[in-house]
Amino acid sequence: MFLTNLTTHNRISTLLHAVSSCRSLWHCQAIHAIVIKSRFINDGFIGDRLVSLYSNLGSSDYAHKLFDEIPEKDLVSWNSFISGFSKRGILDFCLDAFGRMRNMADLKPNEVTLISVVSACTVDGALYEGRCIHGFGVKMGFMGEVKVVNALINMYGKLGMLDAAYVLFNGMRTRSLVSWNSILAVHAQHGASNEVMGLFISMRRVGVKPDQATMVALLQGCTELGIAKQARVVHACIFKCGFEGDMLVWTSLMSLYAKSGELNAAEIVFGELKDPDAVAWTSIVASYAMHGCGSEAIMLFEDMIDSGNRPDHVTLTHLLNACSHGGLVSEGRKYFEDMSRVYGVHPRIDHYSCMVDLLGRAGLMEDAIRLIRSMPMEPNAGVWGALLGACRIHNNVELGKEAAENLFMLNSSDHRNYIMLSNIYSASGQWKDASKIRSLMKGRHLVGNPGYSLIEHGNRVYQFTVGDQSHPDSDKIYAKLEEIVKKIDEAGLARQTEFILHDVAEEIKLDMINKHSEKLALAFGLLVTTTSMPITIIKNLRICGDCHSVMKVVSLIEKRIIIVRDSKRFHHFANGICSCKDYW
DNA sequence: CTAGGGTTAG
């Protein structure tokens with residue numbers, strides 16, 4: 001055994017090291033047994049480490065039991081206990097222990113305790129608890145501690161209270177690099193790209209040197225926009241700051257290029273990684289999946305396996321997604337079966353969603369519903385949503401109704417489900433049912449996010465909303481749009497007005513659909529670019545069905561390449577066809 | 001000298 005012939009001090013530090021290196025519950029228990037045999041079980045250091053390890057590994061029973069067995073619990077014992085639950089995101093246990101600690105006469109929580117408890121409040125719906133802890137921190141005089149404020153910035157930011165986070169950040173007398181990174185990260189995570197850029201510039205101005213986390217936040221801040229030019233600017237910035245080849249930063253950059261429509265650039269960035277890790281491989285598989293290149297994604301996945309990297313549940317999700325977007329049914333089925341047997345990844349609910357999507361899109365409704373019934377867990381909104389989407393494509397009213405009813409039960413506030421069901425009814429001519437669903441939606445006061453489309457030109461990004469007239473050259477844009485519509489009518493394309501929900505006359509519907517944001521962006525793109533340039537449009541919602549067919553026709557009659565990123569994936573239009581093969 | 005704490009990728 002490795003513990004013989006060592007001095008007492010060395011044995012304790014060896015044990016501490018062994019305890020720290022545990023990666024599984026089984027491993028932890030084995031080391032625990034050695035600790036018991038080694039008569040050091042009462043050593044406070046080792047006990048604390050075991051406690052935090054057990055709670056870190058999610059075994060709260062062991063953690064509680066062991067914690068109770070520690071004879072003299074000091075501040076560090078309590079902090080280890082609490083931090084373990086904090087890292088696992090188990091808020092209840094954290095607050096419980098914090099409460100018990102506050103009731104102790106001879107022990108007071110310190111700033112370390114507070115940081116752990118604040119971090120635990122970053123889970124959804126814990127704003128009230130977070131505010132209480134914040135108040136406690138103020139009372140205890142911890143607000144001068146940079147790390148406490150950083151944790152609070154992160155907490156408010158993660159819970160969507162960007163203003164509160166900014167007020168705290170702004171009020172800091174001294175800010176560490178982590179303070180800057182935290183405020184950047186929470187803005188980036190909420191798509192506040194302008195703020196991210198502004199903060200980054202201020203940070204440089206006061207002479208703070210960015211690190212890996214800064215660059216990642218900067219890159220993340222650009223994804224919402226998805227503008228290739230901005231990706232290139234940040235890429236240059238990464239070079240200047242000396243982060244080229246950094247795995248974390250480069251994976252993030254690769255993903256940004258892919259999301260900005262530049263699959264080639266993503267491929268190049270990936271190629272520059274000497275020894276890509278599992279996350280980098282997953283990212284490139286996801287990139288191809290996003291662009292609808294199913295077989296390429298599969299090939300890359302096989303390369304990943306050959307390189308000795310192990311896929312995890314995220315990799316498999318993207319792989320199944322790739323099969324689904326590419327309509328590769330048999331491949332998807334094979335990988336779904338292989339995932340636990342060959343790769344040791346047990347299917348989670350997201351994998352079931354992917355499979356329902358895959359089968360449903362392919363029109364294999366029986367198989368999709370059979371899979372749902374056989375799931376070992378309760379189907380969630382993702383699963384029913386996938387089925388509903390498939391019913392929309394294949395006009396399956398019966399199943400669509402069932403899927404929608406389940407969705408309404410799970411989450412009645414997502415207006416997209418109502419629209420989808422209403423569209424299914426309209427498509428099969430059941431107008432009364434369709435309008436019933438619409439009034440149900442209206443009655444519940446459900447409105448969606450307003451749709452918008454972005455397009456880059458010169459050094460600017462232009463934004464269009466439905467019927468937008470804010471552009472200075474609005475007249476020209478609408479004239480171009482009219483010209484396109486005329487050509488399309490001449491080409492004999494049947495327009496799809498059922499995507500308009502309002503109860504209005506057909507010609508008004510057509511007028512409304514003609515002013516969709518993606519069509520305005522398209523008209524603008526045709527106006528300002530030359531024929532050799534692809535037109536790239538970023539849409540915040542899913543592309544509308546009519547716009548999708550119009551893009552196809554325009555790509556043919558105007559001989560243009562049009563690339564649209566919607567909220568789910570990319571569509572590459574050329575010669576009258578879309579890369580999604582109308583599978584979307 | 002030594003335990004516990006804040007930001008970061010797919």
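These figures come from a predicted structure and were not determined experimentally. First the proteins, then the strands, lettered A, B, ... as listed; each starts at 1.
When heavy atoms are screened at a 4.0 angstrom cut-off, A:Leu75 is found touching base atoms of the nucleic acid. Residue contacts for A:Met215: at a heavy-atom cut-off of 4.0 Å it reaches no nucleic acid atom on any strand shown. Base engagement by A:Thr315 is indicated by at least one non-hydrogen atom pair under 4.0 Å involving a base atom. Using a 4.0 Å heavy-atom cutoff across all strands shown, A:Asp211 reaches no nucleic acid atom at all. A:Val146 comes within contact range of at least one nucleobase, with a heavy-atom separation under 4.0 Å.
The nearest whole Å value for the distance from the OH atom in A:Tyr257 to the C1' atom in B:dA9 is 17 Å. The CD1-C1' distance, from A:Ile115 to B:dG4, rounds to 10 Å in whole Å. Across the protein-nucleic acid pair, A:Leu253 atom CG and B:dG10 atom P stand 12 Å apart, rounded to whole Å. The distance from atom NE2 of A:His291 to atom P of B:dG10 is 15 Å, rounded to the nearest whole Å. For the pair A:Leu256 CG and B:dG10 P, the interatomic distance rounds to 10 Å; values are reported in whole Å. At whole-Å resolution of the value, CD in A:Glu145 and P in B:dG4 are 18 Å apart. In this structure, CG of A:Leu248 is placed 7 Å from P of B:dA9, rounded to the nearest angstrom. When rounded to the nearest whole Å, the span between NZ of A:Lys259 and P of B:dA9 equals 10 Å.
Annotation: side chain to side chain contact (heavy atoms under 4.5 Å, CB included) contacts of A:Glu272 (sequence neighbours excluded): A:Trp250, A:Ile268. In this structure, the side chain to side chain contact (heavy atoms under 4.5 Å, CB included) partners of A:Ser353, at least two apart in sequence or on a different chain, are A:Asn380, A:Val383. For A:Arg361, the salt bridge (charged side-chain N to carboxylate O under 4.0 Å, His left out) partners two or more places apart in sequence, or in a different chain, are A:Asp357. The side chain to side chain contact (heavy atoms under 4.5 Å, CB included) search around A:Leu248 returns A:Gln212, A:Val216, A:Asp246, not counting sequence neighbours.
For A:Val112, the listed nucleotide lying nearest its side chain is B:dG4; candidates were B:dA9, B:dG4, B:dG6. When distances run from any side-chain atom of A:Thr251 to the nucleotides B:dG4, B:dG10, B:dG6, the shortest one goes to B:dG10. Checked against B:dT8, B:dG6, B:dA9, the side chain of A:Asn150 finds its nearest nucleotide in B:dG6. Closest approach to the A:Gln220 side chain among B:dT7, B:dG10, B:dG5 is made by B:dG10 (side chain taken as heavy atoms from C-beta onward). The side chain of A:Ala213 lies closest to B:dT8 when the candidates are B:dG4, B:dT8, B:dA9. In the set B:dG4, B:dG6, B:dT8, the nucleotide with an atom closest to the side chain of A:Ala151 is B:dG6. Comparing B:dG5, B:dT8, B:dG4 by their nearest atom to the side chain of A:Asn79 picks out B:dG4. Closest to the side chain of A:Asn154, out of B:dG6, B:dG10, B:dG4, is B:dG6. Of the listed nucleotides (B:dG5, B:dA9, B:dG4), B:dG4 has the atom at the smallest distance from the side chain of A:Val76. When distances run from any side-chain atom of A:Val178 to the nucleotides B:dG10, B:dG5, B:dT7, the shortest one goes to B:dT7.
Within the 4.0 Å cut-off from OP1 or OP2 of B:dT8, at least one side-chain nitrogen or oxygen of A:Gln189 is found. Applying the 4.0 Å criterion to OP1 and OP2 of B:dG4, one finds that A:Lys87 has every side-chain N and O outside that range. For the pair A:Lys158 and B:dT8, the criterion of a side-chain N or O lying under 4.0 Å from OP1 or OP2 is met. Of the side-chain N and O atoms in A:Ser83, one or more sit less than 4.0 angstrom from OP1 or OP2 of B:dG5.
By the 30° and 60° cut-offs, the orientation of the rings of A:Tyr166 relative to A:Phe169 is tilted. Using a 30° and 60° split on the angle between ring planes, A:His134 and A:Tyr156 fall in the perpendicular class, above 60°.
Between A:Arg542 and A:Asp566 there is a salt bridge, since at least one side-chain N of the basic residue sits less than 4.0 Å from a carboxylate O of the acidic one.
Contact annotation: side chain of A:Thr282 to base of B:dG10, donor-acceptor pair present below 3.5 Å. In the interface, the side chain of A:Ser176 is paired with the base of B:dG6 through a donor and an acceptor atom under 3.5 Å apart. Between the side chain of A:Asn110 and the base of B:dG5, no donor-acceptor pair of N or O atoms lies under 3.5 Å.
For the segment residues 117-142 of chain A, residues with any heavy atom less than 4.0 angstrom from an atom of DNA chain B are, sorted by number, A:Ser119.
In this structure, A:Thr251 contributes its side chain and A:Met247 its backbone to a donor-acceptor pair below 3.5 Å.
Sorted by first and then second residue, the ring pair (Phe, Tyr, Trp, His ring centres under 6.0 Å) pairs involving residues 268-287 of chain A (not counting sequence neighbours) are A:Phe270-A:Trp281.
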